[in-house]
Amino acid sequence: MKSKKKRAVIKPADNVVAYLLMAPWLVGFIGMWLIPAVISIYYSFTDFNLLNTPKIIGLANYIRAFTQDKTFVQALKVTFSYVLILVPLRLAFALFVAMLLNKKHMCLGLYRTLYYVPSIIGGSIAVSVVWKQIFGNKGVFMTLLSVFGINQATSLLGNPKTALSVIILMGVWQFGSSMLIFLSALKQIPYSLYESAMVDGARPSYTFFRITLPMLTPTIFFNLILQIINGFRVFTESYVITDGGPLDSTLSYVLYLYRRAFTYFDMGYSCALAWILVAIIAVFTVIIFKTQKNWVYYESEEG
Amino acid sequence: MRSKMKRIAALGLAGIMIGSLAACGGSAGGGETQPAGAGTAAASDNKTEQSAGAQADNTGAGEAVTLKFSWWGNQNRHDYTQKILDKYTELHPNVTFEAMPSGWDGYFDKLSTQAASGSMPDIVQMDYLYITTYAKNNSLADMQPYIDNGTIDVSGMSEAVLNTGRIDDKLAGIVGSTGTLAVGYNPDVFKEAGLEEPNQSGDWTWDDFAAAAKKVKETTGKLGVTSTGVVDDTNLFNYWVRQHGEQLFADDNRSLGYKDDQIMVDYLNMWKDLMDAGAAANPDEYAQIQTLGQEAGPVVTGDAGMINENNNYASKMSSRNSNLKITTPPLNSTNTKAMWNKPGYFLCISETSKVKDEAAAFISWFLNSEEANDIMMAERGVPSLSNVREFLVNSGKMDQKQKEMFEYADMVLEFSGEAPAPDPIGIAEVGESFKNSAYKAFYGQISTEEAAAEFRKEADEILARNN
C-alpha cells in the first residue's frame, strides 16, 4: 500500500484543475469572508466611525466594552438567557415531536412538512410582525386572557420581565431542522435493540432512557452545537418584534452591535464587539467538545 | 477509526459554523466592514479624481452629466420626484438622473455605507438629525461658494432658516422645507367630551393640555393623547427645555445645556401622571399604536383626542380624515418664543461628487422653480423659500388642509425664537438613552428624579465621547 502511494506523484496540472473547480467557492470565501474578517479585526483596534480615516487606538475598544459599557453587559445577559433557555427547550421539543412522527401514521409526510414549516418561515420579518401583533397590547393573546377574566395591565411584549419569553417561545417554535435531524437519527437506531428490550419486558420510559437517548447522543451533540451557535446570532426577532425594548430587556447581542455600527456610527467598537462574540462562541464550542467523551456514545467504540 | 472520522467531521462542521457566524455576524458588523474597508481607499482616490473632474466640468457647459440623487419618502413622493427629475431633463437635455429613492427605514444605514465607500450620491436629501455627523466628517461639500457665485438662489430664505444648515463655518446643506411642532387633534372627540377646541390665540398652557387629555379620558373613555415621540426622541423635550429659558445641549455640544434636573423631572412627572390616569398612552399601548401606522392611528380613527406632532399632520392625514386640526403645542409664560422653525429636510452635495456645479444648479431649480413646486405641491413640508410659498398660495391648487398648514406656519412665527444649533454627533445614542431613562420611570422601576440624573450622566458621557 505505502509504496504504491509514494509512486502516485501528483502532477501540477491536477492541482490547477482542482483550484479551478474550487474557484467559485474560493472567490466567495476570500472576498466575502476572509478579507472582511481580517479587516474587521483591524477596525476593532481603531476609532473608525464609517466616515473618518481609521486611527489605531489599541485595545481601547475592548477595554471600553468590559469596563464602561452597561448596555454591553445588558446585551450579554439577554443573549445568554436566550441561549441557555432556548436551546434545551428547543431540543427537547424537537425530540418530542420527532418521536411522535417516528411511527407509521396516515399522512405522515404531511405532518412532517407541516412541522417543518415554522423553521423555514420562522426567521422572517413577516412572521415576526405577526408575533408582535399576537402578543402586543390589544393582541390576540391579551384578548383571550380577558375572555377568561384575566385582565392584564401590560401585554407580554410590553412588560420588561416577560418580553424575552415571547422571543424565546418563537425560537422554540422553530424546532423543525433539529426535529428532522432527530427523526433521521431515530430511524437509524437498530430495531433489534428495541426488540430485545420488548422481549425482556422493558417499560417504554425505560426503553427511551436506556436505548433511544444513548443512541441519540451523537445527534444531540451535533444539534447542541448547531443550536448554540445559532442562538447567539439571534437578531431578526428582537429587531422586528421589540426593537430591543422595553428597557433593553430583549436587546440581543447582535442587535446591539448592529446599532453601534449603523445607528451610532461606532464601527470600530462594533467590530470589537463582533470579535468578542466570536470568542464567546468558540469557548462554548470547545467546552462542549471537551465534555463529549463523558456523555456522547459512539456505536463503534467499545462500551 | 470510524469514530475518529466522525469526530473530525463534527469538528470540521463546527468550524464551518463558527466561520459562517463570523461572516454572518458580518451582516451586523464584521462582514459589512468589507465594502467599507475597500471604500476608504477608494474615497481618497475619488478625492483626487474629483478635483480633476471639477476642472473638467467648467470647460464644457453642455457636456452630458448624470446626477445621482437619493431621498427618503413614501411611494407618492418617489413618483412625483421622478416627474420633477424628468422635467429637469426635458429642460436641460444634457442632464440625466440616477434616482435612488428609499423609505426612511434603512435610508441612513445605506447612506453611511455609501459614504464609507466613497460612493455617496451627488445630491443627498439629509435630515437635521444627521447633518452634523456627515458635515464634521467631511462627507458634505461647502455650498456657500455656490450661493456666492449665484448658482444657488436663496434670496427668498430668511438668514435664520438658511443658517440651520451651517456647521463650523461651512454651509453643509440647503434647507428645503421647515416644520414646527404642533398638536394635532380630533375635533369630534373634543365635542364628544364636551370640550372646547384649543384656542389659537396663544394662551393655551400645559395645564390646559393635561386637563383636556384627562377630560377626554373621563367622559369618553378614550385616550386623551397618544403622544408620538414624547420620549422617543428629544424634539418635544427640547421645546420644553427652551420654554424654561434653557437649551438642551451646551454650546460646545459636549454636555447637556440645562443645569437643573428639575426641568426633566417635571416633564416626566407630567407624562407619568397622564399615563397613570389613562389619559396618555403608556409605553405598552404606544408600541401597539405604532404598529398601526400613522394613517390608522387612534386620533385619525376618532379613538383618541390629541397627538404631539408636526405642523404637516392634518395635511398628511387629510386623505383619511379631513376633520383633523392642528394647534400650537402648549405654551408657557417663561419663554413665549420657545418654538422654532425646524428644518424639514436639507439638500446636500457630497464631497466626493464630481459634478458639484450641475448638482448645485439642480438644487436651486428644485427648490425655487415653479415647474418643480407645481409638481411637489409642498408635499415635503412648508417650503423654506417665501417666493415659493407665495407661488403656491396664489396658484389656487392647494386644498384646505394645506392652506391651514401655511397659515399655521405664519401664525406660529409669533411664538418662535432662534432655532437651536443642529443636533450634535451622537444624537441617536442620546435619544436612546433619553427613551430608556424615561421608560424606566414610566414603568416605575426608578423615580423620575433618578431618571433625570441617569439621563444626564449618560448623555454627558455620550456627548463628551463624540464631540
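The chains referred to below are lettered A, B, ... by the order of the sequence lines, with proteins before strands, and numbering in each begins at 1.
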How long is the span from the CZ atom in B/R465 to the CD atom in A/Q68, to the nearest 0.5 Å?
-> 8.0 Å
Side-chain donor-acceptor pair present, A/D248, B/N436, cut-off under 3.5 Å = yes
Under 6.0 Å from the NZ atom of A/K77, do we count more than 12 heavy atoms belonging to anything else shown?
-> no
Pair count under 4.5 Å, heavy atoms only, with chain A: among B/E285, B/K440, B/E429, B/K136, highest is B/E429
Can you find a pair of side-chain heavy atoms, one from A/F265 and one from B/Y134, that are under 4.5 Å apart?
-> yes
Quick check: are there more than 12 heavy atoms from other residues, nucleotides or ligands sitting under 6.0 Å from OH of B/Y128?
-> yes
Smallest separation among heavy atoms of A/N159 and B/Y443, with atom names = N-OH, 4.4 Å
Could you tell me which portion of A/D243 (side chain, backbone, both or neither) has an atom closer than 4.5 angstrom to a non-hydrogen atom of chain B?
-> neither
Nearest non-hydrogen partners of A/F262 and B/S112, listed with the distance | CD2-OG, 3.9 Å
Less than 4.0 Å between a side-chain N and a carboxylate O, is that true for B/D109 and A/R259?
-> no
NZ (B/K110) with more than 12 external heavy atoms under 6.0 Å = yes
How far does OG1 of A/T263 sit from CD1 of B/I427, to the nearest 0.5 angstrom?
-> 13.5 Å
Using non-hydrogen atoms and a 4.5 Å limit, figure out which bit of B/S437 sits close to chain A: side chain, backbone, both or neither.
-> neither
Any chance you could measure A/N49, atom CG, to B/I425, atom CD1, to the nearest 0.5 Å?
-> 7.5 Å
Report yes if some heavy atom in the side chain of A/P160 is under 4.5 Å from a heavy atom in the side chain of B/Q445; otherwise report no.
-> yes
